[in-house]
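Order of appearance sets the numbers: ligands from 1, and atoms from 1 within every ligand.
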Amino acid sequence: MNKILFLDTTLRDGEQTPGISLTKDEKLLIAKEVDTLGVDIIEAGAVAVSDGERSAIKDIVKEGLNAEICTYSRAIRSDIDYALDCNVDSIHLVVPTSELHMRKIGKNSEEVEDMVIESIKYAKDHGLIVELSGEDASRANLDNLIRLYKKGEEYKADRICLCDTVGILIPERTEEIFSKIKKEISIPIAIHAHDDFGLATANSIIALRNGASEVHVAINGLGERAGNTCLEEVSSALKFLYKEDIDIKMEKIYKVSRTVSKITGINVQPNKAIVGNNAFTHEAGIHVHGIAKDPSTYEPIKPELVGRERRIVLGKHTGRKSVEIALKGFGLEFSKEDLEEIFKRVKEIGDRGRRITDGDLLAIAENVLALSYRQRVRLIEYNVVTGNKIKSTASMILDIDDKEHIEADVGVGPVDAAINALRKTISEITDISLDEYHVDAISGGTDALVDVSVKLSRNGKSITTSGVDVDIIKASIDAVISGINRLLK
Ligand code: KIV
Ligand code: ZN
């Protein structure tokens, strides 16, 4: 394959994910993050969307990022004028190409061709780079499509793109189409794939192996419906399986994925390739045993290569080896019999359907090994007032090292307010960061028991602990205080 260009469309197609609507500050933040990955082109938005969108695109342009900044543009003069006003480097010039899509705008293929010629001429006269894209091209008549791309090339478009708008391509057809286009077109060819059948990554790679040299991607596979080709998947497959020399900074991938997930509010499914929570997590005994001997037994690549860490979690499928590794990780000493007893208790909790946090394991171990430690922080009292327009407020009294401390703080909701008040109260003795927060309802109904697990860290040490209560605020406070006590040991 020739050098592969990556066009990241997280801020355009990705933002079209149902439920996402980004402010201009959020868009700028994502653009800066995506730029650290070394993508070649950032599709920063669609100029026709709104004043706010144009203002966000202008801010991104002003940031002077390494990537070429591009906007989606229809083949109409006003969109190209907006693009010029935003000072972008390039336009992603999109026209309908299937009968169905041309009918949608009431044009036939000759009229679409005229629109393309006129738009390319205008954009090129004004110094823009042009990527001509065929919308629904995977369902278009291939000869007509190639004729349109050839016109684009003749009028000096810089790149062309085939959109599999509704994700219906299969790898065999992708190979056929791209091989045919490649024979007729000399400018770079891109693929814009959708994941409606879970084939976006496969189709993108096949396209790249058969004439395409640019791939459209989105972080976490965001995008319309089932999303676009996922940057993390396609770049990892190219780098680690196809051994392609791509320019993506693989070790930054996880951080960017987390940031995008936080900003957009769209969680990554736990079993998602490369960036899912479970992608480098092991629980089953036999796997952990193998991993302890040689990580490659059950890992395709080292987690560090994509900015991740290996995690061993305990649960129903845990083996003795996992418990042993976890206990040693906490610096505990134990006999074979102790290990057997701790292992038995871990299994009992797992069989009850509960996840076992580090805090749970330590509590079991301390019990079996007859260890005790002083709890430096204890909850005396808390009070939370929830608000709607006014933020929620929490006040809290803690006993810290046998002295009462009282503080109050606000938050976006009652749990946030309570945790903020708690952190403020203990801030005199230590600084703790809350890295993860997870809630599970153990039973149904409004009186359900909730199980809150948290991951806290302090001075490079981290711990997961949990709290269970019918009250989510109390469960959260218990989980955090339990973690704080463990970290203060
Ligand atoms: O999927 C698609 O067809 C698109 C185009 C509008 C570029 O996103
Ligand atoms: Zn799309």
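- Side-chain polar atoms of Asp360 and Thr357 form a donor-acceptor pair below 3.5 angstrom.
- Using a 4.0 Å cut-off between charged side-chain N and carboxylate O, Arg54 and Asp51 make a salt bridge.
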Could you list each nitrogen or oxygen of ligand 1 that sits under 3.5 Å from a protein nitrogen or oxygen, with the atom names and the distance?
unit_1	atom_1	unit_2	atom_2	d
ligand 1	1 (O)	His192	NE2	3.1
ligand 1	1 (O)	His194	NE2	2.9
ligand 1	3 (O)	Thr165	OG1	2.6
ligand 1	8 (O)	Arg12	NH1	3.3
ligand 1	8 (O)	Arg12	NH2	3.0
ligand 1	8 (O)	Asp13	OD2	2.9
ligand 1	8 (O)	His192	NE2	3.0

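- Excluding water, every protein N/O/S atom under 2.8 Å from the Zn ion (ligand 2) is given here by residue and atom: Asp13 OD2, His192 NE2, His194 NE2.
- Salt bridge status for Glu154 with Lys151: present, with a side-chain N to carboxylate O gap under 4.0 Å.
- In this structure, Pro414 and Ser392 approach most closely via the heavy-atom pair N-OG, 3.5 Å.
- Side chains of Asp79 and Tyr72: a donor-acceptor N/O pair is absent below 3.5 angstrom, by distance only.
- Taking the charged nitrogens against the carboxylate oxygens, Arg173 and Glu176 do have a contact shorter than 4.0 Å, which makes a salt bridge.
- Here Lys3 pairs with Asp40 in a salt bridge; the nearest charged N to carboxylate O distance falls below 4.0 Å.
- Smallest separation of non-hydrogen atoms from Arg225 and Pro18: N-CD, 4.3 Å.
- The shortest heavy-atom contact between Phe240 and Met250 is CE1-CE, 3.9 Å.
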